[in-house]
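What follows is one structure encoded as structure tokens, with my remarks underneath.
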Amino acid sequence: MNPSFILLIILCLSTHSSNNTVLSVNTSSTPPPKITPLRSDNNTIYKISQQLCWNCVAEQFQFLFAHNIVRAAKWEWPLTYDTQLEDYAKWWAGQRQADCELIHSFPEFEFKLGENIFWGSGSDWKPTQAVQAWAEEEKYYNYAANSCAEEQECGHYTQIVWKTTRRVGCARVVCESGDVFMTCNYDPVGNYVGERPY
């Protein structure tokens, strides 16, 4: 039984006994008010089930957990999951759903948020695999020189472990081609030129 319901009963009983009042039952012939049943159409059911989307929550957890494992290896604070960043990521993933192109949402050098993007052939790619692909760039990163190996990419990895980044929000879509596009946004943004990530 619900604890707040039990508390309500106890409060009613204690109020009743202290006031010495008698509860009365309406025995008049007035019919009870008519209750109209809530009718739900398919659209309402779809919206409610989207809000209760366990798969969506599982994807959030996968993205967050995978990021924080990588950060923990460098003794960086864990990130928190941010639904506003997720909303932005969902918007951009929606823009890429038609073509699945690896294009950032910000023009070059005008990033307002950190952003990692991923494309995978086929529809089975999971959030943890995208984060793992970004994290594997660590092998090209030289911490002492704060540089990346020639013709390699390190920015996805350094954004994940960036020391001042605190929040992440991500999205995954299956494109019209049947491939997968994933994107994560980070705040505060990382990858400042000349600065080390940790």
Side-chain angles (χ1 to χ4, degrees), residues 42-43 45-74 76 78-141 148-162 165-191 197:
N42 286 339
N43 193 35
I45 292 168
Y46 175 74
K47 286 179 182 175
I48 291 170
S49 40
Q50 267 203 318
Q51 290 171 353
L52 300 173
C53 174
W54 291 111
N55 188 42
C56 302
V57 173
E59 283 186 357
Q60 291 173 353
F61 179 76
Q62 288 176 41
F63 275 120
L64 183 63
F65 182 76
H67 276 85
N68 285 336
I69 288 293
V70 178
R71 288 178 68 85
K74 299 301 173 191
E76 289 302 325
L79 300 176
T80 59
Y81 198 83
D82 188 287
T83 54
Q84 286 184 316
L85 292 175
E86 179 188 50
D87 288 344
Y88 183 84
K90 282 181 177 177
W91 167 78
W92 186 243
Q95 301 297 307
R96 299 277 54 90
Q97 196 164 16
D99 56 25
C100 228
E101 283 191 56
L102 277 176
I103 300 172
H104 281 287
S105 68
F106 297 98
E108 194 70 25
F109 305 114
E110 294 183 27
F111 284 88
K112 306 273 189 276
L113 300 167
E115 186 170 75
N116 282 347
I117 54 177
F118 172 90
W119 168 86
S121 176
S123 62
D124 293 333
W125 293 91
K126 304 289 182 247
T128 51
Q129 293 171 300
V131 178
Q132 181 182 4
W134 297 328
E136 284 175 0
E137 294 175 359
E138 179 183 11
K139 63 188 170 198
Y140 304 119
Y141 178 66
C148 194
E150 195 173 330
E151 296 184 20
Q152 297 299 330
E153 190 69 45
C154 297
H156 300 101
Y157 164 69
T158 53
Q159 175 57 82
I160 290 174
V161 295
W162 198 263
T165 299
R166 293 292 174 259
R167 292 171 294 284
V168 65
C170 305
R172 174 189 180 277
V173 293
V174 176
C175 301
E176 290 175 12
S177 62
D179 298 335
V180 169
F181 179 87
M182 287 185 255
T183 179
C184 288
N185 288 103
Y186 306 84
D187 184 62
V189 65
N191 287 339

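Computation of the quantities below employed the complete heavy-atom set of this structure, encompassing side-chain atoms and omitting hydrogens, waters and symmetry-equivalent molecules.
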Using the side-chain contact (heavy atoms from CB on, under 4.5 Å) rule, take Tyr81 and His67 through it: C-alpha gap first, then chi angles, then the decisive distance, then the call. CA-CA 10 Å; Tyr81 198 83; His67 276 85; over 6 Å; no
Passes side-chain contact (heavy atoms from CB on, under 4.5 Å), Phe65 versus Thr128? Steps please. CA-CA 8 Å; Phe65 182 76; Thr128 51; 5.8 Å; no
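Of all heavy-atom pairs between Arg167 and Asp82, the closest is CD-OD2, 3.3 Å. When all heavy atoms of Leu64 and Thr80 are compared, the closest pair comes out as CD1-C, 3.9 Å. The two residues Val70 and Ala135 come nearest to each other via the heavy atoms CG2-CB, 3.7 Å. The minimum heavy-atom distance linking Cys184 with Val168 is given by the pair CB-CG2, 4.2 Å. Of all heavy-atom pairs spanning Thr165 and Gln159, the tightest one is OG1-NE2, 3.1 Å. Nearest approach of Cys148 to Glu153, heavy atoms of both residues: SG-C, 3.6 Å.
With a 4.5 Å cut-off on side-chain heavy atoms, Val173 and Arg96 do not count as touching. The closest side-chain heavy-atom distance from Val189 to Leu113 is not below 4.5 Å. Side-chain contact between Tyr141 and Tyr157 is present, with heavy atoms from C-beta onward closer than 4.5 Å.
Atom CD of Glu115 sits about 10.5 Å away from atom SG of Cys170, to the nearest 0.5 Å. The CD atom of Gln62 lies 7.5 Å from the NZ atom of Lys126; values are rounded to the nearest 0.5 Å. Between the CG atom in Asn116 and the CG atom in Asn191 there is a gap of 8.0 Å [rounded to 0.5 Å]. Here CH2 of Trp119 is found 9.5 Å from SG of Cys175. Values are rounded to the nearest 0.5 Å. Here NZ of Lys74 is found 12.5 Å from OG1 of Thr158. Values are rounded to the nearest 0.5 Å. Expressed to the nearest 0.5 Å, how far CD of Gln97 lies from CH2 of Trp92 amounts to 13.0 Å.
The closest donor-acceptor contact from the side chain of Gln152 to the backbone of Tyr140 lies at 3.5 Å or more, if one exists at all.
Evaluated for a ring pair (Phe, Tyr, Trp, His ring centres under 6.0 Å) with Phe118, the options Phe63, Phe181, Trp125 yield exactly one hit, Trp125.
By the 6.0 Å contact criterion, CD on Gln84 is open, its count of non-hydrogen atoms from other residues, nucleotides or ligands being 12 or less.
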